[in-house]
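The block underneath contains the structure these notes are about, expressed in structure tokens.
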There are 2 protein chains.
Amino acid sequence: MKRLDTRDAGFEAAFRALLDEARETTAKVDAAVAGIIADVRARGDAALLELTARFDRWTPASAAALRVTAAEMDVAVAAIPEERRAALELAAKRIEKFHRAQMPRDVELSEPGIVTGLRWGALDAVGLYVPGGKAAYPSSVLMNALPARVAGVSRIAMCVPTPDGVLNPLVLAAARLAGVTEVFRVGGAQAVAALAWGTDGIAPVDRIVGPGNAYVAEAKRQVFGRVGIDSIAGPSEVVVIADGSNDPRHVALDLLAQAEHDEAAQSILVTDDAGFADDVAAAVERALRTLPRAMIAGASWARHGALVVVRDWEEAAELTNRLAPEHLQIMVADPRALFGRIRHAGAAFLGRWCPEAIGDYVAGPNHVLPTGRTARFASGLSVFDFLKRTTWVEASEQGLGAIGPAAVTLAEAEGLDAHGLSVAVRLAHNP
Amino acid sequence: MKRLDTRDAGFEAAFRALLDEARETTAKVDAAVAGIIADVRARGDAALLELTARFDRWTPASAAALRVTAAEMDVAVAAIPEERRAALELAAKRIEKFHRAQMPRDVELSEPGIVTGLRWGALDAVGLYVPGGKAAYPSSVLMNALPARVAGVSRIAMCVPTPDGVLNPLVLAAARLAGVTEVFRVGGAQAVAALAWGTDGIAPVDRIVGPGNAYVAEAKRQVFGRVGIDSIAGPSEVVVIADGSNDPRHVALDLLAQAEHDEAAQSILVTDDAGFADDVAAAVERALRTLPRAMIAGASWARHGALVVVRDWEEAAELTNRLAPEHLQIMVADPRALFGRIRHAGAAFLGRWCPEAIGDYVAGPNHVLPTGRTARFASGLSVFDFLKRTTWVEASEQGLGAIGPAAVTLAEAEGLDAHGLSVAVRLAHNP
């Protein structure tokens with residue numbers, strides 16, 4: 001863990017090093033992925049069966065066996081303890097409500113002879129990739145599928161690998177709650193290839209979202225253009241801005257909640273109280289003694305963690321804007337005022353009773369967020385990822401008469417004669 | 001030019017071939033571009049000066065000379081004929097108005113103890129690439145820069161190559177009208193590298209937009225992640241749905257207005273009147289005899305043009321949705337009704353007096369649109385390309401008490417203990 005103080009002479013250099021810290025390790029899998037995609041394009045379901053046997057260590061009886069049946073869903077969902085089912089339902093309800101509130105309105109501007117408009121429409125079909133095994137998170141199924149359903153997408157096809165044939169019941173329950181229309185036991189680059197190009201058993205989609213390993217990320221990169229994709233998520237990160245009135249243990253657990261995701265995750269405390277920074281550091285060490293995922297969280301904290309002591313909240317806001325963190329907690333006396341100075345953050349959590357983890361599950365906003373300083377220009381997942389716009393113009397002969405001559409002038413200036421003629425030939429009919 | 005009829009036995013195969021037609025030619029410039037980017041990162045302005053001398057055949061006196069001064073802008077703008085200046089101003093005014101109407105509202109949802117919200121914010125800085133030489137289109141400067149300005153972007157840096165040192169005055173006038181804050185005489189991959197990584201003379205931006213050649217497109221691909229980019233545009237295309245009551249010459253010029261952009265452009269007529277299709281084909285041939293860009297337009301029409309005869313407008317809508325064209329003209333008796341059946345198109349033009357070319361210049365909606373069937377999931381440029389969202393949650397102790405337990409349950413189900421503890425430790429304080 002690093003310790004920085006804005007009053008130190010070397011602060012700017014140390015902070016820049018923090019900003020430039022490389023946390024991603026990108027495996028070179030381009031060629032392997034290109035081969036898998038070509039195979040699925042050429043041989044369809046037959047390739048899916050072979051690749052599933054090879055990578056997931058189970059052999060589907062036929063292409064039809066790749067699809068999870070409604071009966072299988074029923075059995076899985078019935079096996080879930082009531083408390084978990086209720087928690088999932090609360091989460092789904094809140095996420096759906098928040099995303100419904102985001103839905104945009106169409107635009108229509110009328111003037112004599114010319115109407116212009118912008119119409120929102122949903123994508124026809126979306127593919128949702130869900131990692132298998134230990135990293136199968138039902139909360140991610142809700143966060144990826146519900147915005148699509150709220151946007152009005154009619155087909156939501158989910159692909160999830162089932163290593164050794166084992167399905168995660170909670171993931172299936174989340175899929176059912178979130179309105180997923182099809183579930184396939186296929187993973188890796190082959191799942192992305194099937195969703196993008198289609199096979200006899202899996203119809204192609206228009207956009208693929210959801211997290212995955214290096215193969216999945218590279219496959220999404222390679223099919224981009226054929227279909228839309230979401231951004232490739234990097235390791236998770238949090239900045240906690242906290243004053244000395246907080247309980248150091250609370251803040252320590254907030255930092256460790258990010259750190260436990262991944263050794264490449266990053267947790268940063270920004271405080272105006274050097275003594276509080278010490279207390280938090282000590283509380284982190286104490287918590288690591290008993291935390292089940294202490295190996296991961298400890299490595300993340302040691303390599304990428306930081307305590308930054310600032311003179312005031314103005315400095316805190318400035319540094320946070322440079323970090324543009326995925327998650328931001330603001331635990332000060334007036335969190336809204338400080339939030340007002342933040343320009344770049346994926347999601348913010350205001351107050352002492354608002355740990356980031358409630359945003360991962362039940363608060364309502366999406367937990368798929370921009371990482372690695374991309375909050376400067378990117379946003380979390382939302383209904384906008386599943387909508388697109390068609391703009392339109394309607395003109396009468398009079399309307400064209402009013403604005404057409406300017407179009408002819410500009411077309412001529414740009415040397416595009418047919419453009420100009422297509423307008424001018426109609427103007428000639430004007431009185 | 002191909003001719004298809006939905007009543008023919010081979011129609012489906014022929015239409016599929018039309019859908020899959022490869023129109024893009026992608027040059028292999030990855031390595032050259034990677035070298036240029038590395039050079040600009042390592043040597044900054046010195047690299048820009050050398051690369052400009054090599055590729056644009058003029059030698060800037062110093063890094064400062066790369067920047068177009070206010071005085072140079074004045075001289076250029078003063079040289080523009082009054083008619084062109086007025087046309088640019090009309091276009092800018094209408095584009096600005098349409099994009100202002102798109103601006104979204106923030107969201108705030110209050111319930112006891114918990115408030116959730118979504119806040120829109122502008123990007124800090126945007127880079128606008130403008131091609132040089134003959135393809136320097138002032139209309140594209142307006143279309144790219146105005147949405148950024150309307151969104152509230154404070155820094156809009158434009159890079160435009162000036163082959164042999166020559167600046168296009170109309171491009172400068174458009175830049176000034178659109179609120180571009182800085183103009184640099186730099187082009188190619190080196191301009192993209194400078195905008196993404198920054199040099200002493202060019203501060204880095206958060207997102208780069210604007211069209212360019214293969215080098216520029218590849219450079220945008222390579223800096224993606226460091227900064228945001230817009231989508232890489234393919235060749236232009238139009239579908240015109242027209243009944244037999246139209247003037248064939250109008251429709252022929254609409255088809256040729258797309259075709260004259262590029263030999264890879266595609267123009268498709270969809271009509272329910274086979275005789276009208278013949279008339280349009282004849283009118284295209286006649287127009288090609290006198291059109292200045294007949295070499296380009298004729299090649300596009302011969303290779304990629306198509307006449308599709310359908311039984312009715314239901315079929316026309318269905319085929320159009322499969323084509324998901326960048327531009328769509330609807331020239332039938334009730335264009336709004338038919339537009340209501342269209343799910344996938346970048347921009348639509350309704351009625352007999354609404355040639356697509358008015359959308360290229362003065363109608364108001366953006367002319368930067370999704371090509372190559374990507375309108376299934378992508379949209380035209382808009383204020384949304386220059387805005388991002390921060391979601392937020394504010395919770396009181398009571399609010400956390402209401403939703404916290406469900407978060408703990410789900411965190412435990414996912415095996416993320418610190419997540420659960422960060423909530424549970426605060427719940428322990430509840431009465």
Side-chain angles (χ1 to χ4, degrees), chain A residues 83-84 87 90 98 101 107 109 116 121 123 137 139 206-207 228 253-254 256-257 260 291-292 343 345 347-351 353-355 357-359 361-365 376-377 379 388-397 400 403 406-407 409-410 413-414 417-419 421-423 425-426, chain B residues 83-84 87 90 98 101 107 109 116 121 123 137 139 206-207 228 253-254 256-257 260 291-292 343 345 347-351 353-355 357-359 361-365 376-377 379 388-397 400 403 406-407 409-410 413-414 417-419 421-423 425-426:
Chain A
E83 189 189 16
R84 289 188 178 180
L90 178 76
F98 187 79
V107 173
L109 292 180
T116 52
L123 275 59
Y137 292 146
S139 59
D206 299 308
R207 188 179 170 102
L253 286 167
D254 295 341
L256 289 171
E260 76 174 342
L291 199 65
R343 293 195 313 283
F349 300 85
L350 312 184
W353 305 96
C354 202
I358 67 163
Y361 296 111
V362 294
R376 290 174 295 123
F377 56 83
S379 307
K388 68 246 173 37
R389 302 174 292 274
T390 300
T391 56
W392 54 275
V393 184
E394 187 182 53
S396 68
E397 192 171 357
L400 186 65
I403 64 170
T409 298
L410 292 171
E414 294 187 352
D417 301 271
H419 282 67
L421 281 171
S422 73
V423 178
V425 72
R426 287 168 165 102
Chain B
E83 189 190 16
R84 290 187 177 183
L90 177 75
F98 187 79
V107 174
L109 291 180
T116 51
L123 275 58
Y137 292 146
S139 59
D206 300 307
R207 187 179 171 103
L253 286 167
D254 296 341
L256 289 171
E260 76 174 341
L291 199 65
R343 294 195 313 284
F349 300 85
L350 312 184
W353 305 98
C354 202
I358 65 162
Y361 296 111
V362 294
R376 291 173 295 124
F377 55 83
S379 307
K388 67 237 170 48
R389 302 173 293 273
T390 299
T391 56
W392 55 275
V393 185
E394 187 181 54
S396 68
E397 191 171 357
L400 186 65
I403 65 170
T409 298
L410 292 171
E414 293 187 351
D417 301 272
H419 283 66
L421 282 171
S422 73
V423 177
V425 72
R426 286 164 165 106

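Numbered from 1 within each chain, the chains take letters A, B, ... in sequence-line order.
Among B:E83, B:E260, B:R376, the residue making the largest number of heavy-atom pairs under 4.5 Å with chain A is B:E260. Between chain B and the options A:A87, A:G228, A:A348, the largest number of non-hydrogen pairs under 4.5 Å is found for A:A348. Of the residues considered (A:V107, A:D254, A:V423), A:D254 shows the highest number of contacts with chain B, using heavy-atom pairs under 4.5 Å. Counting heavy-atom pairs closer than 4.5 Å to chain B, the top-ranked of the candidates A:G351, A:P355, A:A406 is A:P355. Ranked by heavy-atom pairs under 4.5 Å with chain A, the first of B:S396, B:G359, B:G364 is B:S396. For the set B:F98, B:F377, B:W392, the count of heavy-atom pairs under 4.5 angstrom toward chain A peaks at B:F377.
Under the salt bridge (Lys or Arg N to Asp or Glu O under 4.0 Å) criterion, A:R207 pairs with A:D385, sequence neighbours left out. For A:R84, there are no salt bridge (Lys or Arg N to Asp or Glu O under 4.0 Å) partners at least two apart in sequence or on another chain.
For A:S422 against B:A357, the heavy-atom pair with the smallest separation is OG-CB, 3.6 Å. The minimum heavy-atom distance between A:V393 and B:P365, with the atom names listed, is CG2-CG, 3.9 Å. The two residues B:K388 and A:R343 have their closest heavy-atom pair at NZ-O, 2.7 Å. For the pair A:Y361 and B:A407, the tightest heavy-atom approach, listed with the atom from each and the gap, is CD1-O, 3.8 Å.
With a 4.5 Å cut-off on non-hydrogen atoms, A:S139 touches chain B through its backbone and its side chain both. For A:L123, the parts lying near chain B are the backbone and the side chain together; criterion is any non-hydrogen pair under 4.5 Å. The parts of A:L410 that come within reach of chain B are both its backbone and its side chain, each placing non-hydrogen atoms under 4.5 angstrom from that chain. With a threshold of 4.5 angstrom between heavy atoms, A:I403 approaches chain B through its backbone and through its side chain.
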### Query
Step by step, would you call A:L256 with B:L421 a side chain to side chain contact (heavy atoms under 4.5 Å, CB included)?
CA-CA 10 Å; A:L256 289 171; B:L421 282 171; over 6 Å; no
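Atom CG of A:L253 sits about 11.0 Å away from atom CG of B:D417, to the nearest 0.5 Å. Of the inter-residue distances, the one linking A:F349 atom CZ with B:T391 atom OG1 reads 6.5 Å to the nearest 0.5 angstrom.
In this structure, the side chain of B:T390 engages the main chain of A:A345 through a donor-acceptor pair within 3.5 Å.
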